[in-house]
Each structure stands twice: as C-alpha cells, then as structure tokens.
Amino acid sequence: MRTHFCGELRKNHIGQPVMVCGWVDSCRDLGGIIFLDIRDIQGVLQVVVDPELKEIFQIAQQLKNEFVIQVSGEIRARIRDQTNPHLSTGEVELYAQALSILNESAVPPFQLDEHFNVNEDLRLRYRYLDLRRPQMQQRLIVRSQVISLIRSFMEDNGFLEIETPTLTRSTPEGARDYLVPSRTYPGTFFALPQSPQIFKQLLMMSGLDRYYQIARCYRDEDLRHDRQPEFTQLDVEASFIEENDVLDLTERLLCNVFKRQLNVTLEKFPRLDYDSALRRYGTDKPDLRNPLELIDIDEIVQQSEFNVFAEAANDDTNRVAVLRVPACIDRFTRKQLDQMVEFVQKHGAKGLAYIKVNDAKNGRAGLQSSILKFLSDNELQLLLQQTTAQTGDILFIGAGLSETVSHFMGVLRNHVAHELDILEDEFRACWITDWPMFERTEDGSMAPMHHPFTRPKCGQRQFTDSPFTTKAFAYDVVINGYELGGGSLRIHDTDMQQAVFDVLGIGQEAQVKFGFLLDALRLGCPPHGGIALGIDRLIMLMTNTESIRDVIAFPKTTKASCLVTRAPTAADPSQLRDLGVFVRQDS
RNA sequence: GGAGCGGUAGUUCAGCUGGUUAGAACGCUAGCCUGUCACGCUAGAGGCCGCGGGUUCGAAUCCCGUCCGCUCCGCCA
C-alpha cells in the first residue's frame, strides 16, 4: 500500500514518486491551496494539494483530523525559506497526484496535539488514541529496542530463554497473590507468579546452567507511580557462579544497554553494603546523584544535657544523624523549614532539629537554633568539626530509633536535594550488598528480607547460633534512587534450607508447600544464584519519564482497573457455577 | 486501610468570601482566504458544574456521603 514511511522522506528523495499512508495530523485549507500533515509511526510529512487537480482537491476538502488516507505523488523541495525545522521531513513536501480516504474518523474525544495536556483518565480510556502520539510511540519503541538488546546480550552470554508457568502456586515473595480458580478442582486456586523464583531454581537443578526470561509478574498490592499489578522482569539464574559473577554480568548488561541505546557510559557501579547505605544515605536505594550524606554524631552527644540526643546516642537501637546541607541558609524560609519538619513527621519523625550556621568561625555566637541552649560549647565545636560545617550551611539533626531516623533523614535528603536542584544530571548506579537475612515484622516475628531461599553468608552452625545477625548473599542494583532489581545466591543444601525454614518457624509448613523444592535439593542441586531486573523501571529511567504507565501500552489505574476494557468485571453466573465460586453480595 | 489534590462545554481551564443569562482558549459547524505549518479572518452551536443528600429565600460555590483519576503513607522487591 505504500512505498515509503511518511517520516523517512528527505532531500535525497526529491523528484521520486512515492506512495504513503497515515493519519491526517492537521489540515490547513487556505482556500486556494490545501496543506495536509500526514502522520505515521516514523513522523509527519507535509502534503500539498494543488487546486488545479480538481478531483483530489475536492477529496482533500473533506478531510478531517485522524482520517486515514493514502497519498501518492512526487517529493519536491520546499520553496526557499519555507522549510520547517520542527519536522524531520521539513525540507521536502509531497505534491499530491492521487489521494484516497482509507477510513474516516469521528471527531476524537481529545486533541492529540503535543500542546494540549489531557487528563490521564481520558488518555487511559482511549489509550489507542493516546498511543498515536509520537512521544508515547517513542517510549514503546525504546522499550522494544531495549528488550531486544537484553535478549541478544543474554544469548551472547550463553543464557537460554525458557518460559515458566503463569498458572502456578503461591511463591514466597510476601505480596498478595492474584488467584485463578480451578474448574477441574473446585475450591482450589492457581496463583499468578509474583516472580518465576521456584521455577528458575528448578531449571538450575535441571542442569540448564544459564536461564533468562522476560517474565510477566503479578502482585496484588496497592499501586504507586512506579508500581503496576502486572509488570515485567528480566529474570536471570545461573549455576556454578558466585556473587561477583552475577554482579559483573548484570553490570555489563546494563552498561551495554545504556551505551547502545542512549550512548551513555555508566561508571563502574560502587558496591555499598546494606548497613553503610542506611548509615550514609538513610535508605537501601540511595540516589547517588545527590551529593548529600548523613553523618552520625552519637559519640558527640552521648553526655549531652539534651536528653533527646543523649538517650538516642546511648541506645544501640537508636542513632543521632546529621544532614549537612551546604550553602542553603538563604534558600529556605522559616516557613519552608517548618514544612520540612512536618514533612519528616509524616515519615515517622517525632521532630527535626536544625542549626543555621551563620558564621562557622564564631562558635556558639555564629549559630542559630532552638536547641542551641541544650548543647555545650564543646558539643557544638565537635559538631561543626565532624560535619565540616561552613558558613551558610544548615545542619538538620534527627534522633531516635535507627530505622526511623534513617528513613526520615533519607527522605529529607531526597527532598532537600530536589528543592535545591542539586542532583547531578546523569545516571548513577550502585550495588547494595550484604543484606540481612531477616527483618522483624510488626508482630515481632522474623521474615526473610529477600526470600527464604537466600543463602546466608556463613556456615550452617554459625547461622543456627545467631540467625538474626546473619548477612545474606543478596544484592540490589539501584539507579538514581530506583530499585531496579535484586537477587541472591540460593541455598543448594537441604539442611541449610531446612534450617532457614526452622528459624522462620515454618519448618512444617514448608514441607507441605515447598517439599518438592527440598526434594530437588537432595537430588543433586548445583550452587546457583541470580537476579531479576524491573524492565518497566529501566525503561522509565531510559525515557526520562516519571510514571510507569508511560512505558506500558495498556496500564492499570491506581485502583488497578483497565479503563480501556473496564476490567475487572463481574463474572457470568454460569462461569462462577463451573468454578464452584460464590460471590458474597455484602462485600 | 489512611491522608492530600482534582472532577465545570468535546478538551484544557477560570469562575474568590453563596446572588442577574456559568466564561476563555483550543476543538467542532458554516462562510471567506493560493505557501501554510499550533495558518488566518467572520459568524454559530455546544453545559445533569461527577453522582446522592443537606444547609439556605437562593448552591458550580458551604456541609455530609459516595464514585472516579492522580500523588503520598501503610502495603509491596
């Protein structure tokens, strides 16, 4: 139906006869002459319709935006000074010699112009129109190209793409499952996978050595700007490897993809252990574009008369941390500082002290703060030294439970950097390693930080003696503050696996749920490990967009519904009967 | 589960402390226009002010509830 794409026509096509198809992007009917912009996936091309050609001129007069048309004619140079630098095809135009309407269009429910913002619910409802916009198409193109780069990289490195079931049983990631009722076994349910975790481990036991998959994963939890209920992971697992092999492979993959897709050279990923990440950045996913760091001052205020600080400083489970924000005294009003206090309170802080450094060389007299009177000259002096505070800085100080302080000071660190616009304009990746095996849950029990198949960084005896201080062979890769992916080396030994289940208090339950895995461990399981990367988040980063919905063709809303199809919907009673499912009317 | 913001013409928005006939821009319709490119000019049509209740002489505006969208907390690798 066509000889060229609209968007590919250039000066070197001048004089050539072409035939193109596309959508009417705009019509400019000047009365005696008509200009059409015709759009396809490669771009926009101006068509000129000459009034001398009466037949096609009449057709052109009927055209409206979003009509689907076919035009043939000759590519001509534009008249001098009438090129359009905003179009890739702006130096040429198509002189129409034939024009046909392939399909008409009703008036679209919103304007596709780049100049008009449209509310997202409308865009989601008419997603197919929204996706006609070049910016949206570009994101999906990048997505396709990146996935293709990933596939060739993995293939080049000897990995096999193997599909795993999506109708499966619950795996232990800890999120809520999407359930699918079984018709053949009434009252039982499949779970959609939160990840292919168990299957990829089984593939290692199968001797397939190196596996990867672009896998769809499902988690029935509340949504965020970077979280969808179904999302895509690059899932990877390999045998006879050590932690460094996984980190190295992943790093090479990401460098390769960024280089080839964006021509961006990523620097070597720094490796931070979990504890120091929390200490220095207050988070397990630090944004290293942000130059600010937290500084511990427990030692300085241990004897302090200021009880809030002293008590925290003398308690192992607490910390007193300072965020020194350079040269910002004139950047924040009193009101903004008060709002910052409110802001961290939302994140669990009881309070937030701050000290303005009006003159760093003038001791107490050079400082301004509501807590000044509680601190000794010596403490202030040490504080200034320890934080290398300079005139014009503000020192924000948080004290309390380590976990809480790290969290809100980390959030404050991000907040301040955004306010001051001091993030470096580049991609900064890092590894977070040496995660704890377990974390304490609200009810006081222990839960695996990663998942219960993660290998501890010690022998079984030591693990059993002090399981809660054990670190794991677990690692996350973080870029610009986004957790892009994570993985671990897995347990390949039945006794160790049983020991972990026992510590979790699910020894019996695990026998039932994961008996098949324990069996497999007994039958010659190689040491293995892997990682999974969030493809959606990767594409978000690479296309510089703020919303995961922008990189998914048909995303769900924050209430997890699809506005195109209106899913989910009520099921037909006969379907429910077949499945043995009753729907409670009161819910 | 909780908090915040938003919902007014086809679209994006304005409409303040309640008060004549709810406005603008774009889009749409009709007419004019031979080098435009977010074409231009003239005229016109277009409104369950998300939905339900309440307060009031009177509600787009105030109150309560509810639905939807977005952001955040909780939740979630």
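Atoms considered below: every heavy atom in the structure, side chains included; atoms not considered: hydrogens, waters and symmetry mates. Residue numbers start from 1 in every chain, and the chains themselves are labelled A, B, ... in the order their sequence lines are given, proteins ahead of strands. This is a predicted model, so every value here is computed, not measured.
Comparing A:G31 and A:K64 against RNA chain B, the residue whose closest nucleotide sits nearer the 5' end is A:K64.
Nucleotide B:C70: paired with B:G4 (Watson-Crick or G-U wobble, both distances less than 3.5 Å). Pair check for B:A43 finds B:U29; Watson-Crick or G-U wobble, both atom distances under 3.5 Å. Using the Watson-Crick or G-U wobble rule with both distances under 3.5 Å, B:C13 pairs with B:G23. Applying the Watson-Crick and G-U wobble criteria (two distances, each under 3.5 Å), B:A60 pairs with nothing in any strand. Nucleotide B:U34 forms no Watson-Crick or G-U wobble pair with any nucleotide shown, as no partner meets the under 3.5 Å limit on both distances. Figure legend. B:U55 is base-paired to no nucleotide; pairs are counted as Watson-Crick or G-U wobble with both atom distances under 3.5 Å.
On a pure distance criterion of 3.5 Å, a polar donor-acceptor pair joins the side chain of A:R78 and the base of B:C37.
Nucleotides B:G74 and B:C62 place their C1' atoms 32 Å apart, quoted to the nearest Å. Taking the P atoms as reference points, B:C64 lies 11 Å from B:G4, given to the whole Å. Rounded to a whole angstrom, the distance from the P atom of B:U66 to that of B:A45 is 41 Å. Nucleotides B:G40 and B:G2 have their P atoms positioned 50 Å apart, rounded to a whole Å. Comparing the same atom, P, in B:C26 and in B:C63 gives a spacing of 35 Å after rounding to whole Å. Remark: the separation of the P atoms in B:A14 and B:G50 is 13 Å, to the nearest Å. Spacing between B:C49 and B:G7 at atom C1', rounded to whole Å, works out to 10 Å.
Under the rule for a side-chain contact (heavy atoms from CB on, under 4.5 Å), the partners of A:T565 that lie at least two apart in sequence or sit in another chain are A:C562, A:A567. Listed by chain and residue number, A:R537 satisfy the salt bridge (charged side-chain N to carboxylate O under 4.0 Å, His left out) test with A:D226 (two or more places apart in sequence, or in another chain). A:V118 meets the side-chain contact (heavy atoms from CB on, under 4.5 Å) test with A:F110, A:L122, A:R123; sequence neighbours excluded. For A:H225, the ring-ring contact (aromatic ring centres under 6.0 Å, His included) criterion is met by no residue, not counting sequence neighbours. Every side-chain contact (heavy atoms from CB on, under 4.5 Å) that A:Q61 has, sequence neighbours left out, goes to A:D29, A:I34, A:F57, A:Q58.
For the pair A:Q46 CD and B:C39 C1', the interatomic distance rounds to 11 Å; values are reported in whole Å. Atom CG in A:D222 sits roughly 12 Å away from atom P in B:C70 (whole-Å rounding). A:D37 places its CG atom 17 Å from the P atom of B:G35, with the value rounded to the nearest Å. In this structure, the CZ atom of A:F57 is 13 Å from the C1' atom of B:G35, given to the nearest Å. Atom pair A:E66:CD and B:C28:P shows a separation of 11 Å (rounding to whole Å applied). Computed from coordinates, the A:L129 CG to B:G27 P distance equals 17 Å when rounded to whole Å. Look at CG on A:D536: it is 13 Å from C1' on B:A77, rounded to the nearest Å. Between A:F343 atom CZ and B:U71 atom P the separation is 16 Å, expressed in whole Å.
Taking a cutoff of 4.0 Å between a charged side-chain nitrogen and a carboxylate oxygen, A:D434 and A:K457 qualify as a salt bridge. Using a 4.0 Å cut-off between a side-chain N of Lys or Arg and a carboxylate O of Asp or Glu, A:R227 and A:D536 do not qualify as a salt bridge. The pair A:R78-A:E91 does not count as a salt bridge, with every side-chain nitrogen at least 4.0 angstrom from each carboxylate oxygen. A salt bridge between A:E93 and A:R76 is absent, with no side-chain N of the basic residue lying under 4.0 Å from a carboxylate O of the acidic one.
When only modelled atom types and interatomic distance are considered, A:Y211 and A:D235 share a side-chain donor-acceptor pair under 3.5 Å.
As judged by a 4.0 angstrom heavy-atom cut-off over every strand, A:D50 is placed among residues making no nucleic acid contact. Counting non-hydrogen atoms under 4.0 angstrom, A:D284 reaches a base of the nucleic acid. Nucleic acid contact for A:E546: none, since no nucleic acid atom lies under 4.0 Å from a heavy atom of the residue. Nucleic acid contact for A:S26: sugar-phosphate only, since backbone atoms but no base atoms lie under 4.0 Å from a heavy atom of the residue.
For the side-chain contact (heavy atoms from CB on, under 4.5 Å) criterion with A:V236, the lone passing option out of A:I531, A:T250, A:I150, A:L533 is A:I531. A side-chain contact (heavy atoms from CB on, under 4.5 Å) with A:P286 is found for one member of A:L272, A:N414, A:N480 and no other, namely A:L272.
Between B:C70 and A:R123, no contact under 4.0 Å exists linking OP1 or OP2 to a side-chain N or O. In this model, the phosphate group of B:U36 is not approached by any side-chain N or O of A:R28 to a distance below 4.0 Å at OP1 or OP2.
Within residues 555-565 of chain A, the residues that place at least one heavy atom under 4.0 Å from RNA chain B are, in residue-number order, A:T557, A:T558, A:K559, A:S561. Across residues 223-231 of chain A, A:R224, A:H225, A:R227 each have a non-hydrogen atom less than 4.0 Å from an atom of RNA chain B (numbered order).
For A:W435, counting side-chain heavy atoms from C-beta on, the closest listed nucleotide (B:A77, B:U34, B:A38) is B:A77.
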Could I get a table of every N or O pair under 3.5 Å where one atom is in the protein and the other is in nucleotides 2-5 of chain B?
none

Check: protein-nucleotides 44-46 of chain B nitrogen or oxygen pairs below 3.5 Å:
none

Between the protein and nucleotides 11-14 of chain B, which nitrogen or oxygen pairs are less than 3.5 angstrom apart?
residue: B:U12; atom: OP1; partner: A:N119; partner atom: N; Å: 2.7
residue: B:U12; atom: OP1; partner: A:N119; partner atom: ND2; Å: 3.3

Which donor-acceptor pairs under 3.5 Å do side chains of residues 131-138 of chain A form with protein atoms, sequence neighbours excluded?
residue: A:R132; atom: NH1; partner: A:E66; partner atom: OE1; Å: 2.8
residue: A:R133; atom: NH1; partner: A:D130; partner atom: OD1; Å: 2.3
residue: A:Q137; atom: NE2; partner: A:L131; partner atom: O; Å: 3.1

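Side chain of A:D273 to backbone of A:S276: a donor-acceptor contact under 3.5 angstrom is found. Using modelled atom types, no side-chain atom of A:H418 and backbone atom of A:H415 make a donor-acceptor pair closer than 3.5 Å.
Residues A:D476 and A:W431 fail the side-chain proximity criterion, which asks for heavy atoms closer than 4.5 Å.
Taking the ring centre of A:F473 as origin, the terminal cationic atom of A:R455 falls inside the region bounded by 6.0 Å and 45° from the ring axis.
Ring-plane geometry between A:H451 and A:F453 is classed as tilted, the angle between the planes lying from 30 to 60 degrees on a 0 to 90 degree scale.
Sorted by first and then second residue, the salt bridge (Lys or Arg N to Asp or Glu O under 4.0 Å) pairs involving residues 276-286 of chain A (not counting sequence neighbours) are A:R280-A:E293.
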